[in-house]
Amino acid sequence: MPADGIALSPKASLMTADEIFAIARTFVKNGVDKIRLTGGEPLLRKDFPEIVSKLSDLEVSLSITTNGILIDRHIEVLKQFNVNKINLSLDTLVSSKFHSITLRNQFEKVIDNLHLLLNNDFKVKVNVVLMKGFNENEIIDFVKLTQFLPISIRFIEFMPFAGNEWDRSKMVSQNEILSQVSTAFSSEEIQKLEDEKNFTSRNYKIKDFQGDFGIISSITNPFCDSCNRIRLTANGKIKNCLFSNSETDLLTALRNDESIEELISKSIKNKKKVRAGMVSVSEMDDPAKHFDNRSMIAIGG
């Protein structure tokens, strides 16, 4: 989080709970069977219970991505509407580092809420964005968490977005992650798990550990050919790829009582084959390719 924060969107430009439901219902009608509420931080919305209540009427699997700070306040709502799959964003296991990136003294609260989720039988994935010089020395510590906790650690390669000072030298690649794991554990202990259909994470497990870990390698080993994700921002715009600079406005059409199905279809059909057209890693080094994309903390969805 930047020290001076980010510009907040006017409330009138954001989807209401009813508008979220209306657009989600259209997606479900056209084959979507899973909806994830992500950030910013979805639990900050005062109408979060209303949103999940409405979405629970659709025939979909519901899940959220959260920073974990407000989980204890909403855990009964999550249970009530069967939101039992939680992605918890946690980039470090060191309290001082946590404060430096979040500007909050909430590390212990997040850890307590992680255990609260596990004690209530939620399925928890922990998202860890890796950066050299910051947290690549914690890779094995995160993997060792899976020995005693039934969680999935997901290491994410650092990706270029507006304002995050993208530099390929800061990125920790899939090969570097596996190299560290191979040094800490024997080849007999490291087990490759079968990739899920339409996977984003290539998953592994240490023999006899309760949990597992995976690698989301959007830069060095992309999974674009099997990706079936579509993102809807809080102000009602489709991003057909996380890396895409272009967006398709559904909310304006909805508010004008116009059909949004054709807009959805066109956006999906215009999806580039690889990373919004950035085929090579060298293309991602060019700021002109991604400078006008939203910053990651402003994408939401």
Side-chain angles (χ1 to χ4, degrees), residues 32-39 60-68 83-93 110-111 114-115 117-118 121-132 135-159 171-231 241-243 274-275 281 296 301:
V32 167
D33 59 8
K34 179 178 180 180
I35 294 176
R36 176 180 300 282
L37 300 172
T38 68
V60 292
S61 167
L62 286 178
S63 57
I64 68 167
T65 296
T66 173
N67 61 26
V83 186
N84 58 10
K85 295 179 180 179
I86 312 294
N87 278 22
L88 187 69
S89 298
L90 181 64
D91 295 327
T92 179
L93 297 173
V110 173
I111 297 301
L114 168 61
H115 287 286
L117 288 168
L118 295 176
D121 298 322
F122 284 82
K123 297 179 180 178
V124 180
K125 295 179 180 178
V126 177
N127 291 344
V128 185
V129 178
L130 293 173
M131 290 182 64
K132 286 182 179 174
N135 61 352
E136 85 277 17
N137 62 341
E138 297 185 60
I139 290 173
I140 302 307
D141 292 333
F142 273 107
V143 172
K144 286 182 177 178
L145 277 184
T146 68
Q147 181 173 2
F148 302 107
L149 298 178
I151 59 177
S152 295
I153 302 294
R154 307 206 311 173
F155 297 116
I156 303 173
E157 291 180 340
F158 183 44
M159 296 178 282
M171 185 187 68
V172 184
S173 71
Q174 173 176 276
N175 286 342
E176 290 171 304
I177 297 167
L178 292 176
S179 176
Q180 281 203 36
V181 174
S182 297
T183 300
F185 301 96
S186 70
S187 58
E188 290 77 19
E189 292 176 298
I190 304 169
Q191 301 174 339
K192 176 69 176 71
L193 302 179
E194 184 177 351
D195 292 328
E196 298 175 352
K197 182 181 180 181
N198 305 119
F199 70 92
T200 58
S201 175
R202 294 175 172 88
N203 298 322
Y204 301 81
K205 182 180 179 68
I206 304 302
K207 185 179 180 181
D208 296 328
F209 280 21
Q210 289 192 44
D212 53 55
F213 69 95
I215 303 170
I216 299 177
S217 52
S218 304
I219 307 300
T220 64
N221 196 11
F223 40 81
C224 303
D225 57 343
S226 65
C227 177
N228 67 346
R229 274 67 173 175
I230 191 78
R231 185 175 293 260
C241 174
L242 197 56
F243 293 109
V274 179
R275 288 178 305 215
V281 177
M296 187 61 201

Trainee: Judged by atom type as modelled, is there a donor-acceptor pair below 3.5 Å linking the side chain of Asn84 to the main-chain atoms of Asp121?
Mentor: no
Trainee: Should we say atom NZ of Lys192 is surrounded by more than 12 heavy atoms from elsewhere, each under 6.0 Å from it?
Mentor: yes
Trainee: Nearest 0.5 Å, please: how far is CD1 in Ile190 from CG in Leu178?
Mentor: 7.5 Å
Trainee: Enumerate, atom names and distances included, each donor-acceptor pair closer than 3.5 Å involving a side-chain atom of residues 141-156, sequence neighbours excluded.
Mentor:
from	atom 1	to	atom 2	distance (Å)
Thr146	OG1	Val143	O	2.6
Ser152	OG	Asp212	OD1	2.7
Arg154	NE	Asn127	OD1	3.2

Trainee: If you round to the nearest 0.5 Å, how far is CG of Asn198 from SG of Cys227?
Mentor: 8.0 Å
Trainee: After noting the C-alpha distance and the side-chain angles of Glu157 and Ile216, does the key distance pass the side chain to side chain contact (heavy atoms under 4.5 Å, CB included) rule?
Mentor: CA-CA 6 Å; Glu157 291 180 340; Ile216 299 177; over 6 Å; no
Trainee: Might you point out which heavy atoms bring Leu114 and Val124 nearest each other, and give the distance in Å?
Mentor: CD1-CG1, 3.7 Å
Trainee: Can you tell me if NZ on Lys132 sees more than 12 non-hydrogen neighbours from other groups inside 6.0 Å?
Mentor: yes
Trainee: Can you tell me how far OG1 of Thr92 sits from CD of Glu138, rounded to the nearest 0.5 angstrom?
Mentor: 3.5 Å
Trainee: Below 4.5 Å, heavy atoms only, C-beta onward: do Asn87 and Thr38 meet side chain to side chain?
Mentor: no
Trainee: Hey, are the side chains of Val172 and Ile139 touching, using non-hydrogen atoms and a 4.5 Å cut-off?
Mentor: yes
Trainee: Identify, with sequence neighbours excluded, every residue that meets side chain to side chain contact (heavy atoms under 4.5 Å, CB included) alongside Ser179.
Mentor: none
Trainee: Atom CZ of Arg202 and atom CD of Glu194: how far apart are they, to the nearest 0.5 Å?
Mentor: 14.0 Å
Trainee: Looking only at heavy atoms, which two atoms of Ser63 and Lys34 are closest? And how far apart?
Mentor: OG-CE, 3.9 Å
Trainee: Once rounded to the nearest 0.5 Å, what's the spacing between atom OG1 of Thr200 and atom CG of Asp195?
Mentor: 10.0 Å
Trainee: Mind listing the closest non-hydrogen atom pair of Ala184 and Ile140 along with its distance?
Mentor: CB-CD1, 3.7 Å
Trainee: Please enumerate all residues that pass ring pair (Phe, Tyr, Trp, His ring centres under 6.0 Å) together with Phe213, with sequence neighbours excluded.
Mentor: Tyr204
Trainee: Passes side chain to side chain contact (heavy atoms under 4.5 Å, CB included), Ser89 versus Thr65? Steps please.
Mentor: CA-CA 7 Å; Ser89 298; Thr65 296; 3.8 Å; yes
Trainee: Does the side chain of Asn203 come under 3.5 Å of the side chain of Ser201 through a donor N or O and an acceptor N or O?
Mentor: yes
Trainee: With rounding to the nearest 0.5 angstrom, report the CG to CD1 distance, Leu93 to Ile111.
Mentor: 6.0 Å
Trainee: With a 6.0 Å cut-off (strictly less than), is the heavy-atom count around CD of Glu196, excluding the residue itself, greater than 12?
Mentor: no
Trainee: Could you tell me if the side chain of Glu136 sits less than 4.5 Å from the side chain of Glu176, heavy atoms only?
Mentor: no
